[in-house]
Amino acid sequence: PDRSLAEVNQSAAPPIAKDTDEQLKQAMVKISTFPTVLDPKLWNGEEMKADVRANTIQNVNTLVKRLGGAGAKVDAIELFGSNASYEYDDKADFGVHVFLSSPTVTPDNLNSLAKLLSNYTELKQEGRINYYGVPLEVTFHGKRGASYQPKAGSGQYSLTTGQWIEKPTQQPNA
């Protein structure tokens, strides 16, 4: 159906600033300015807070036990995303990826089980576990895909070893 330009504009996303040039300038600075330190709620400098790391490992192990007879074991617990970099904001979660293995289940079947566990965890735990106000989000994998390989500049932290796999690069501000 034909719609007038006014109807199309009404259904468009609201503008980021609608009153003054100064509001527009402030909105642009906000979306183009990156933190210069890792989130101090989770990190002491470039070292993860010990309680955050220990609680994450404990929570992951509890969740993996729910796999039951699959014989799955945790190979690695890793942090990717904005809280492993200088790109976090107030809405960022603590996005942990758990890589599993099993001597009795094929990688493809383990990947299917891992997806079920991820879905279950999302339904039951989403937003319930927080570290200093930052929600924990856990995703399980039966195999490590290409998108979970280290990439230069993108932060990737091993909670398993307590060390950086790939240190993040600070983002330039516009």
Side-chain angles (χ1 to χ4, degrees), residues 9-64 66 74 76-99 114-141 144-160 162-174:
N9 284 339
Q10 286 178 347
S11 66
I16 56 175
K18 57 183 174 180
D19 290 330
T20 67
D21 288 345
E22 184 58 30
Q23 283 180 317
L24 180 58
K25 179 181 172 186
Q26 288 174 5
M28 292 303 292
V29 166
K30 184 176 180 180
I31 63 173
S32 63
T33 303
F34 294 94
T36 57
V37 297
L38 296 172
D39 189 343
K41 292 182 252 177
L42 306 169
W43 300 91
N44 289 321
E46 290 187 354
E47 185 175 324
M48 184 173 287
K49 288 186 174 182
D51 63 325
V52 170
R53 181 173 171 246
N55 286 327
T56 302
I57 292 169
Q58 180 181 7
N59 285 319
V60 165
N61 286 330
T62 298
L63 292 168
V64 170
R66 293 188 180 150
V74 174
I77 304 170
E78 298 174 6
L79 177 66
F80 294 82
S82 58
N83 264 308
S85 70
Y86 298 96
E87 299 176 22
Y88 68 92
D89 60 24
D90 292 339
K91 295 178 183 163
D93 62 28
F94 190 72
V96 173
H97 294 264
V98 180
F99 300 94
K115 285 180 184 179
L116 287 172
L117 184 58
S118 292
N119 291 339
Y120 174 81
T121 301
E122 186 174 346
L123 288 171
K124 293 291 187 179
Q125 303 297 327
E126 180 102 13
R128 292 182 186 210
I129 301 172
N130 289 277
Y131 302 130
Y132 305 104
V134 179
L136 172 64
E137 181 178 291
V138 181
T139 306
F140 295 91
H141 306 275
R144 185 183 292 267
S147 59
Y148 299 107
Q149 301 298 327
K151 293 181 186 88
S154 295
Q156 186 173 345
Y157 184 83
S158 171
L159 283 93
T160 308
Q163 298 176 353
W164 286 101
I165 297 166
E166 184 67 43
K167 283 191 173 184
T169 302
Q170 283 191 4
Q171 300 297 316
N173 291 320

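From a predicted model like this one, the values you see are computed outputs, not experimental measurements. What's counted below: heavy atoms across the whole structure, side chains too, no hydrogens, waters or symmetry copies.
In this structure, Ser158 OG and Leu79 CG are separated by 10.0 Å, a value rounded to the nearest 0.5 Å. Note that the OH atom of Tyr157 and the CZ atom of Arg53 stand 5.5 Å from one another [nearest 0.5 Å]. Here OG1 of Thr121 is found 9.5 Å from CG of Leu136. Values are rounded to the nearest 0.5 Å. With rounding to the nearest 0.5 Å, the separation of OG1 in Thr56 from CZ in Phe94 is 4.0 Å. The distance from the CD1 atom of Ile165 to the CZ atom of Phe80 is 6.5 Å, given to the nearest 0.5 Å.
Here the shortest heavy-atom pairing between Leu117 and Val64 reads CD2-CA, 4.3 Å. Contact detail for Pro40 and Val37: the closest heavy-atom pair is CD-CG2, 4.5 Å. In terms of heavy-atom proximity, Gly45 sits nearest to Leu38 at O-CD1, 3.7 Å. Nearest heavy-atom pair across Ala92 and Ser82 is CB-OG, 3.2 Å. In plain terms, the two heavy atoms of Ser85 and Pro168 that are nearest each other are CA-CB, 3.7 Å.
Not a single side-chain hydrogen bond (donor to acceptor under 3.5 Å, both in side chains) links Thr169 to another residue, sequence neighbours left out. For Lys167, the salt bridge (charged side-chain N to carboxylate O under 4.0 Å, His left out) partners two or more places apart in sequence, or in a different chain, are Glu46. With sequence neighbours left out, the ring pair (Phe, Tyr, Trp, His ring centres under 6.0 Å) criterion links Tyr88 to no other residue. Every residue meeting the side chain to side chain contact (heavy atoms under 4.5 Å, CB included) condition with Asp51, not counting sequence neighbours, appears here in chain and number order: Lys49, Asn55, Tyr132. Take Gln149 and apply the side chain to side chain contact (heavy atoms under 4.5 Å, CB included) test, not counting sequence neighbours, and it matches Arg144. Evaluation of the side chain to side chain contact (heavy atoms under 4.5 Å, CB included) rule for Asn61 yields Ile57, Val74 as partners, not counting sequence neighbours. In this structure Asn59 satisfies the side-chain hydrogen bond (donor to acceptor under 3.5 Å, both in side chains) test together with Tyr131, sequence neighbours excluded. With sequence neighbours left out, the side-chain hydrogen bond (donor to acceptor under 3.5 Å, both in side chains) criterion links Glu87 to Gln171. Contacts of Glu22 classified as side-chain hydrogen bond (donor to acceptor under 3.5 Å, both in side chains), with partners at least two apart in sequence or in another chain: Gln26.
Other residues, nucleotides and ligands contribute at most 12 non-hydrogen atoms within 6.0 Å of the NZ atom of Lys115. The local environment of CD in Gln170 is crowded, with over 12 non-hydrogen atoms from other residues, nucleotides or ligands closer than 6.0 Å.
A parallel orientation is assigned to the rings of Phe99 and His141, their planes being inclined by less than 30° (bins at 30° and 60°).
Using modelled atom types, no side-chain atom of Thr139 and backbone atom of His97 make a donor-acceptor pair closer than 3.5 Å.
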